[in-house]
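Report on the following structure.
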Amino acid sequence: MRRERLRVVGVEAVGPYTLLRVGRGGLDPGAPGQFFMLEAPGRLLPRPMSLCLAPPGELGFLVDPIGPGTRALCALGPGEELAVLGPLGNGFRLDVQRPLLVGGGIGVAPFPYLSEVLRRPPALLGFRTPAHAEAAALVANAEVVLEPEYVTQRLEPGRDVLACGPEPMLEAVRALAPAAQLAWEAPMACGYGACYGCAVELGGTWKRLCVEGPVLRAA
Amino acid sequence: MRRERLRVVGVEAVGPYTLLRVGRGGLDPGAPGQFFMLEAPGRLLPRPMSLCLAPPGELGFLVDPIGPGTRALCALGPGEELAVLGPLGNGFRLDVQRPLLVGGGIGVAPFPYLSEVLRRPPALLGFRTPAHAEAAALVANAEVVLEPEYVTQRLEPGRDVLACGPEPMLEAVRALAPAAQLAWEAPMACGYGACYGCAVELGGTWKRLCVEGPVLRAA
Amino acid sequence: MLLNASGCLDALTAPETARALDAFVTKTVTPLPRAGNAPIRIVETEAGMLNSIGLANPGRERFLADVLPRLRELGVPIWVSVGGFAAGDYAETCEALDGIAAIELNLSCPNVDAASESAAEIVAACRTATDLPLVAKLSPAAWDVAEHARAVAAEGADGLSLVNTIRGLALDETTLAPRLGTAVGGLSGPALKPIALAAVHACARAVDLPIVGMGGVRTGRDALELLACGASAVALGTVLFSDPEAPVRMRAELAHELAARGLGRPEDVVGIAHEDRLRHRKPLDLARKALV
Amino acid sequence: MLLNASGCLDALTAPETARALDAFVTKTVTPLPRAGNAPIRIVETEAGMLNSIGLANPGRERFLADVLPRLRELGVPIWVSVGGFAAGDYAETCEALDGIAAIELNLSCPNVDAASESAAEIVAACRTATDLPLVAKLSPAAWDVAEHARAVAAEGADGLSLVNTIRGLALDETTLAPRLGTAVGGLSGPALKPIALAAVHACARAVDLPIVGMGGVRTGRDALELLACGASAVALGTVLFSDPEAPVRMRAELAHELAARGLGRPEDVVGIAHEDRLRHRKPLDLARKALV
Ligand SMILES: Cc1cc2nc3c(=O)[nH]c(=O)nc-3n(C[C@H](O)[C@H](O)[C@H](O)COP(=O)(O)OP(=O)(O)OC[C@H]3O[C@@H](n4cnc5c(N)ncnc54)[C@H](O)[C@@H]3O)c2cc1C
Ligand SMILES: Cc1cc2nc3c(=O)[nH]c(=O)nc-3n(C[C@H](O)[C@H](O)[C@H](O)COP(=O)(O)OP(=O)(O)OC[C@H]3O[C@@H](n4cnc5c(N)ncnc54)[C@H](O)[C@@H]3O)c2cc1C
Ligand SMILES: Cc1cc2nc3c(=O)[nH]c(=O)nc-3n(C[C@H](O)[C@H](O)[C@H](O)COP(=O)(O)O)c2cc1C
Ligand SMILES: Cc1cc2nc3c(=O)[nH]c(=O)nc-3n(C[C@H](O)[C@H](O)[C@H](O)COP(=O)(O)O)c2cc1C
Ligand code: FES
Ligand code: FES
């Protein structure tokens, strides 16, 4: 992990989301599913964001503006700078035979990078609205599922599922694919094991999601 | 007193000071020596500023960027808005026979307006540096005094002195011209008598400078 | 119900603002006149401010003779904030007061020496001195503010005001000397808001008295949050310094917040932040005595 | 002297950060393992944050067997923060500790029930249990923190850590339910800074013990202000969450602040905010025991 001030090189709307691209500086992009802590202008604490895209010299983040921190990130303009710390946590294990990416909403964020690394496996992406579904264009071989239908209704067996999305979706995926790799979320103050804020119950004990996750094997 | 959101129409450097001009809206400019509370972007409390200029449809303030609030005011750009409350306090009494305006540093702020209303009486303005003295150009018939010389060294007797400047200058003026009208300063949270933060000792009791002043008769 | 916080509004210099309130709370009145502390008395901090006014006030006699009659002319219910340096001080002032809506006992000014008696003892002394509603104003600078709430409730307080300021200090950037003349002052404003919410939340669970919530309220949402934590009324302090029209704005914003959430009237939201956490417990009794 | 604030750094997951400190302070260790409180455990507020971690820790036995040996390998002096629910808990842990630089007694966690004994009684019990330096960590949630400082000093504390967090609460914008799983949590960050400065200032005048100052430090200037108020050392808490390189930055900024003011070394500025106000009094005795 390393911390640098990086410069915004692009800010693009992707449906209701914003694709924030920053110059990579000396930071390592890490593995798909790992995340970075991004300084959110005017806020005390940084915000965790999965790496979405890793073109040469850049890091790309897909941000859903749901609160003050994410809104501040979406309001950044090209040329502005922000401190970025990472890569952090454990990403997806890539030793999979028949990968299937399963995402819900902003859970699509880590998949563009993951899809490239896994050579464009099929992806099943659920969204609330067609506008949100515009983000599916960032992922190769993606099949879009719109509410009221759920991704779990189309899950075929025999796949190595790599999933990211809201908690209820992950729980549903876990019920159908017990060996799935699931990328979880928890509010994080630090992202590197300092605060114990991100604790989740895991195998009977509480673990720090930023250290042991965010990607966990379904039990 | 009235409070409105006004729009910045001009921001100009005057030596190290900034002349901030805002659309007047429905606010009354009040009398010279009265002041307004200006919202300082990003700060909790507004900042008191003497009215410097009152061209038709506008209010002009001369701001010395000495701290976070005044720096935020100087950083405003045309088109931005800020809440302004006023006019507040008691200004200069204008029933004077042989007026002489005596100012020091940013104490020049109320004089351009005062000078117009009093039909351009002579003014004696002291400054630390020639750069600061650029503000003298805003006042008609001004004679500039540069440190190490002090305005009090040139004060002629028999004048109705109206003075504004740093406390030591006002004390020195008061010693020479006991009947002078002096515009004082004190940190103010509210500007309209609500907080008792601006109390000054006056005739043996403590008075709120924003209510009884800022212009006081020398005792 | 919307009030000003004591010491944050002079109804005589800002009658319009006072008339926009449901009741006007005076600056704390002490037995003898007080000039207050030496300047500087206010300084801005991160999301807050410190004050060391030190209970500047004309004293009981002049307050009763000169100030109160003029306040009465405003046509707004008056709460008189009472302070002192011994339980007897408080009780004597309470005894001298009449024809007002309520008495707020300032048991918690961080800028003057506290009385040697406990808050509960002062309330007890005042209870015997007056039949007017007694609202005890407590400090958040306590390990367990709810304990103090229980103690003053037991002695007959009719309501609580929560919270007063908490001691803070700021240094001058250049000289590194304390900026306030008294070095230490009371912290108010948004920085205090989470502390105020916690105090209201804790006391609403501890006692059944109506609570006037205050501390860092700037918007209708802040007011809503205090109500949700269990306050029956909200007082505006520091926000009045930047916006004398805050009472009008606050009512509009609160109405808007309530409507946007389909939440009914302000009375209906008192305590709703507790609902989840009280699911398996005795529900909060929200039927409270009206104070005005 | 620069430390981390207890609970704000894990030296095992961030050894580089820990090595940049003059001593590493552990998260509070309790006799039995604690999972900590249910999520959500952290939430941002105006210029601050609330946490309700609830002293999550592996418990004394596993700490001594697994964690402490690995911490020792870092080559940084170790302070162990000790917590408990009775004076005996504290004393037993103190007795079991050895080969560390100091013990910090957490007498002030707002997220767990306090021990029934007073802070002074706990310090007294620990004093008989160990010869290691005992640093008493106090809460600012007290009417007069200096009184507590005097009490723990009288029982043999070797230093003070000031301040712990103070109780606060935040509501969810949409649901109006408390955001933290425990509803109430501890407020830290810049909003706490004036409160921390006031506590350090008051205790430096009350007792002659070295003080570790903390609360909202973000920059070298903040560190300088704590020193000026009377702290001999500064601890970094919340700032570490946004910047694991804060210790290095802080030293550079502090050096810059000192140089810009012609102020010499950090030791030279301890207490200088008092100078003016102590002019006619006995000067602060700044000669203090070194703790590391
Ligand atoms: C490892 C990790 C990777 C992430 N990657 C992305 C990403 O690529 N793109 C993206 O847009 N978001 C991502 N998130 C979520 C993002 O960090 C949060 O949305 C953000 O921190 C919210 O900050 P805010 O100030 O905008 O809203 P806040 O005011 O902090 O929160 C708004 C609401 O969301 C809830 N909330 C906030 N954070 C979380 C969380 N982490 N989990 C569950 N509920 C939460 C709050 O309780 C509140 O109700 C990720 C989170 C984690 C832990
Ligand atoms: C009635 C009145 C009229 C004023 N008119 C003008 C004007 O026309 N133009 C202008 O530039 N300034 C004027 N001032 C002063 C101006 O209000 C302050 O400089 C400003 O509030 C400082 O805010 P800040 O955040 O920039 O600095 P702060 O951080 O608040 O202060 C910086 C330093 O200045 C000191 N200080 C701050 N305010 C005052 C004060 N009022 N008196 C003495 N010391 C103070 C502080 O103690 C501190 O040391 C006026 C003040 C008053 C009371
Ligand atoms: C300048 C000032 C003066 C105050 N004077 C008093 C007072 O005389 N009596 C009192 O009980 N509280 C006094 N207070 C405390 C306020 O009534 C209120 O409890 C506190 O400021 C918190 O509310 P706020 O954050 O909205 O300001 C004063 C506060 C300020 C800022
Ligand atoms: C997430 C978090 C966990 C904490 N855990 C502890 C703890 O275990 N023991 C303790 O004494 N203080 C604990 N504290 C308090 C800090 O040590 C420190 O006193 C407080 O945060 C103020 O400093 P700051 O504003 O720089 O964060 C914790 C604070 C935070 C934010
Ligand atoms: S986010 Fe701080 S420990 Fe995981
Ligand atoms: S500035 Fe508030 S009373 Fe004068």
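Chain letters run A, B, ... following the sequence lines, proteins first and then strands; every chain starts at 1. Hydrogens, waters and symmetry mates are skipped; everything else that's a heavy atom, side chains included, is used.
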One thing to verify: whether [Y] and [X] come together as a salt bridge, which I'm taking to mean a side-chain N less than 4.0 angstrom from a carboxylate O.
X: R174(A); Y: E171(A); value: yes
X: R2(A); Y: E4(A); value: yes
X: R93(A); Y: D160(A); value: no

Cation over ring face, R208(A) and W184(A), 6.0 Å, 45°
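Judged by the rule, R208(A) and W184(A) form no cation-pi pair.
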Taking the side chain as every heavy atom from C-beta outward, state whether [X] and [Y] have any atom pair closer than 4.5 Å.
X: L105(D); Y: V135(D); value: no
X: L176(A); Y: V173(A); value: no
X: I53(D); Y: K27(D); value: yes
X: P78(A); Y: V11(A); value: yes
X: P33(D); Y: P58(D); value: no

Taking N106(D)'s backbone N and O only, do any of them form a donor-acceptor pair with Y90(D)'s side chain (distance below 3.5 Å, no angle check)?
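Yes; judged by distance alone, with no hydrogens or angles, the pair exists.
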Donor-acceptor pair, distance only, cut-off 3.5 Å: does the side chain of T18(A) make one with the backbone of V14(A)?
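No.
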Using a heavy-atom cutoff of under 4.5 Å, enumerate the residues of residues 187-200 of chain D that contact chain A, numbered in order, or state 'none'.
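The stretch touches chain A at P190(D).
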Does anything in residues 6-16 of chain D reach chain A? List residues with heavy atoms under 4.5 Å apart, or say none.
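Result: G7(D), C8(D), L9(D), D10(D), T13(D), A14(D).
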Assign the ring pair F111(A) / F92(A) to parallel, tilted or perpendicular, where the plane angle (0 to 90°) is split at 30° and 60°.
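Correct class here is tilted.
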What residues of residues 20-52 of chain A make heavy-atom contacts with chain D at a cutoff under 4.5 angstrom?
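Residues R43(A), L44(A), L45(A), P46(A), R47(A) are the ones that qualify, each having a heavy atom under 4.5 Å from chain D.
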Less than 4.5 Å to any heavy atom of chain D: does that hold for the side chain of M188(A), its backbone, both, or neither?
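The backbone, not the side chain.
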Which answer fits A83(A), side chain, backbone, both or neither, if we ask what part of it has an atom under 4.5 Å from a heavy atom of chain D?
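For A83(A), neither part sits under 4.5 Å from chain D.
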E81(A)/R7(A) under salt bridge (Lys or Arg N to Asp or Glu O under 4.0 Å): CA gap, chis, key distance, verdict
CA-CA 4 Å; E81(A) 287 190 351; R7(A) 186 177 298 268; 3.1 Å; yes
Taking distance alone, no hydrogens or angles, what donor-acceptor pairs closer than 3.5 Å link side-chain atoms of residues 100-107 of chain A to residues at least two apart or in another chain?
none

Contact origin within D243(D) toward chain A - heavy atom pairs under 4.5 Å
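D243(D) touches chain A through backbone and side-chain heavy atoms alike.
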